[in-house]
Amino acid sequence: AGFGPQDGREAMVRDLAAKMRAQARGSETDGDTGGSGVVEVPPRSGAEAELEDGKKLDSMIPMLEEKVVAAEDDSEKVSILAAPLQIEITAELQDLQMDSVRETEKAVR
């Protein structure tokens, strides 16, 4: 049974692909996007792409460095606030440890 011969489906796919290519070629020449809103970008050479990507990356580095430094600072603050939690629990230090738990939770939020 099935959906019919494979050759028929393959022919339909080839025809559809040919129509799409023809539409794309036509839109390249007159600037029409065929209503899809997609504009084809001419392929770039490897060197052009690498240079452009390098410039984008260079422009992003300062922002990323700031975020990394902020994350490191936050991590260090939490680790300092959580230090009393690493002490062995005793009755005398229980209040200090509970305060430390509250401060750590506030800092993490």
Ionic contact status for Lys55 with Asp58, cut-off 4.0 Å | no
From [X] atom [atom1] to [Y] atom [atom2], the distance as rounded to the nearest 0.5 Å:
X	Y	atom1	atom2	value
Asp95	Asp99	CG	CG	6.5 Å
Glu103	Leu96	CD	CG	8.5 Å
Met60	Glu65	CE	CD	12.5 Å

Validation row: Leu57, Asp53 side chains within 4.5 angstrom (heavy atoms) = no
Exceeds 12 heavy-atom contacts within 6.0 angstrom, atom CD of Glu105 = yes
